[in-house]
Amino acid sequence: MIIAKDVVLAVLRERGLQARADFVDRELPDLIDSDKHGGLLSTLHLDIAELAAAATR
């Protein structure tokens, strides 16, 4: 699944995780491939299903 970095940033910022959002903003591309970056997303406690739902809001 491809997820827009803006969605990931919004979820992290909603949780008050500014430092993690800044890290993602610096390190990941604008379109994040969950297969390629799934480990990092998991480390950041981000669920792919949650991100997909956030993208449709």
Side-chain angles (χ1 to χ4, degrees):
M1 173 181 281
I2 303 297
I3 303 160
K5 179 168 59 174
D6 292 341
V7 172
V8 175
L9 296 175
V11 169
L12 289 170
R13 289 188 174 126
E14 280 177 11
R15 295 179 182 177
L17 301 171
Q18 298 302 325
R20 289 183 184 185
D22 292 343
F23 171 79
V24 167
D25 198 22
R26 283 191 312 273
E27 299 297 326
L28 295 180
D30 289 338
L31 296 175
I32 300 169
D33 184 342
S34 64
D35 291 333
K36 185 175 179 182
H37 298 103
L40 176 62
L41 295 174
S42 178
T43 300
L44 295 170
H45 303 286
L46 295 169
D47 179 56
I48 301 301
E50 177 187 359
L51 294 173
T56 61
R57 286 188 225 155

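Everything numeric here is computed off the predicted structure, so don't read it as measured data. What's counted below: heavy atoms across the whole structure, side chains too, no hydrogens, waters or symmetry copies.
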Worksheet item: Do any pairs count as a side chain to side chain donor-acceptor pair (under 3.5 Å) and have a residue in residues 34-55, sequence neighbours left out, and if so which ones?
Response: Arg15-Glu50
Worksheet item: What pairs meet the salt bridge (charged side-chain N to carboxylate O under 4.0 Å, His left out) rule with one or both residues in residues 19-30, with sequence neighbours excluded?
Response: Lys5-Asp25, Lys5-Asp30, Arg13-Asp22
Worksheet entry | For Leu31, the rest of its hydrophobic cluster, which grows through side-chain links under 4.5 angstrom | Ile2
Worksheet entry | Connected-component partners of Val8 among ILVMFWY, side-chain separation under 4.5 Å | Met1, Ile3, Val7, Leu9, Val11, Leu12, Leu17, Phe23, Val24, Leu28, Ile32, Leu40, Leu41, Leu44, Leu46, Ile48, Leu51
